[in-house]
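Everything on this sheet refers to the single structure shown next.
Along the sequence shown, residues are numbered consecutively beginning with 1. We count ligands from 1, going down the list as the structure has it; atoms in each ligand are counted the same way. Predicted model, so just to flag it, every value in this text is computed and none were measured.
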Amino acid sequence: MGIKLAVMVSGRGSNLKAIIEAVKAGNLDATIECVISNEPDAPALEIARQNKITAVAVAHKGLSKIEHENKILDEIKDLGIDYVVLAGYMRIISANFLKHFQDKLGYYKVINIHPSLLPAFPGRAGYEDAYYYGVKVAGVTIHLVDEEVDHGPILAQQPFPRFPGDTLESFKERGLSVEHALYPAVLQQIATKGIPSFCPVYKRTHAETK
Ligand code: GRF
């Protein structure tokens, strides 16, 4: 049966597609219960529909953050979601939303992928910022979301090289192919071994405070 996921998106949906393909190929023991986009025209919604996954647009325009997030919570609250997966969701998640997904160990079951080796280059343009900074080694981070932006316990990081002849496009393409392999693999580890398997120290810290 696996873990039940709600995937939140805002745009293109290439990570969503990689996750769907991993499920279909039997490499990810999960079901995607719904895909939610704050952008009604996001191509990611169409990818979900093509794969017969419930696709819901919850536009944020004209709503406060709390109103918008409460509408999203209404959409997913009865689905038995184990983890919320952010896949190019371009809005900051509030503490109000996170508290609905708090695990007994204290972390939030909300996962994000970020296109840099955090804590370097947080923000909306991780690849661009790293490329124009001139890094020789770039990377991708998958982390649990907390109350700060692009912050929270790191589950996985994978570096990739920047080659001298890279254009921004070739650099991003290399990064995206890392993302598309890493996200399904991390989700599969969560499905089979749980979050604490990524970091025994993190598990102990939280267990000791209980
Ligand atoms: C990815 O680079 C991801 O790391 C970042 O936003 C981008 C989303 O791309 N958070 P896509 O919509 O999955 O194609």
Side-chain angles (χ1 to χ4, degrees), residues 5-25 27-28 30 32 34-51 53 55-60 72 83-94 97-98 108 110-133 135 137-146 148-162 166-188 190:
L5 308 177
V7 182
M8 289 170 60
V9 295
S10 296
R12 177 179 55 188
S14 68
N15 278 286
L16 170 67
K17 188 158 173 275
I19 294 166
I20 292 172
E21 280 168 6
V23 172
K24 280 184 169 171
N27 296 329
L28 173 53
I32 302 172
C34 74
V35 171
I36 304 238
S37 174
N38 63 304
E39 296 288 355
D41 298 330
L45 285 174
E46 193 47 39
I47 293 173
R49 287 188 203 106
Q50 278 164 7
N51 286 279
I53 295 168
V56 187
V58 183
H60 64 275
I72 295 174
Y83 297 93
V84 174
V85 173
L86 307 182
Y89 184 68
M90 300 306 280
R91 287 174 62 82
I92 294 164
I93 301 271
S94 77
F97 184 93
L98 291 175
Y108 303 115
V110 179
I111 303 154
N112 186 40
I113 186 162
H114 183 77
S116 75
L117 292 173
L118 291 173
F121 309 115
R124 299 178 75 87
Y127 286 141
E128 287 79 357
D129 292 346
Y131 179 83
Y132 288 114
Y133 194 91
V135 299
V137 177
V140 170
T141 302
I142 296 177
H143 65 99
L144 296 179
V145 175
D146 69 9
E148 293 174 52
V149 178
D150 294 329
H151 188 269
I154 289 175
L155 302 179
Q157 288 188 306
Q158 190 166 323
F160 66 88
R162 180 243 188 81
D166 266 341
T167 60
L168 177 59
E169 267 52 54
S170 63
F171 176 78
K172 276 178 157 176
E173 209 176 296
R174 191 171 310 116
L176 273 172
S177 67
V178 169
E179 293 189 39
H180 299 160
L182 193 62
Y183 219 174
V186 165
L187 292 173
Q188 175 63 355
I190 292 172

Thr167 (side chain) donor-acceptor with Ser170 (main chain) under 3.5 angstrom: yes
Trace of the salt bridge (charged side-chain N to carboxylate O under 4.0 Å, His left out) decision for Lys24 with Glu21: CA-CA 5 Å; Lys24 280 184 169 171; Glu21 280 168 6; over 6 Å; no
Flag side-chain contact, heavy atom, 4.5 Å: Arg91 against His60: yes
Residues in side-chain hydrogen bond (donor to acceptor under 3.5 Å, both in side chains) contact with Asn15, at least two apart in sequence or another chain: Glu179
Between Phe160 and Phe171, ring centroids under 6.0 Å: yes
Contact table, ligand 1 N/O with protein N/O, distance under 3.5 Å:
unit_1   : atom_1 : unit_2 : atom_2 : d
ligand 1 : 2 (O)  : Glu179 : OE1    : 3.4
ligand 1 : 2 (O)  : Glu179 : OE2    : 2.9
ligand 1 : 4 (O)  : Glu179 : OE1    : 2.8
ligand 1 : 4 (O)  : Glu179 : OE2    : 3.2
ligand 1 : 9 (O)  : Arg12  : NH2    : 3.0
ligand 1 : 10 (N) : Ile113 : O      : 3.1
ligand 1 : 12 (O) : Gly13  : N      : 2.8
ligand 1 : 13 (O) : Ser14  : N      : 3.3
ligand 1 : 13 (O) : Asn15  : N      : 2.9
ligand 1 : 13 (O) : Asn15  : ND2    : 3.0
ligand 1 : 14 (O) : Arg12  : NE     : 2.6
ligand 1 : 14 (O) : Arg12  : NH2    : 3.2
ligand 1 : 14 (O) : Ser14  : N      : 2.8
ligand 1 : 14 (O) : Ser14  : OG     : 2.5

Shortest non-hydrogen separation from Thr141 to Leu117 and the atoms involved: OG1-CA, 3.5 Å
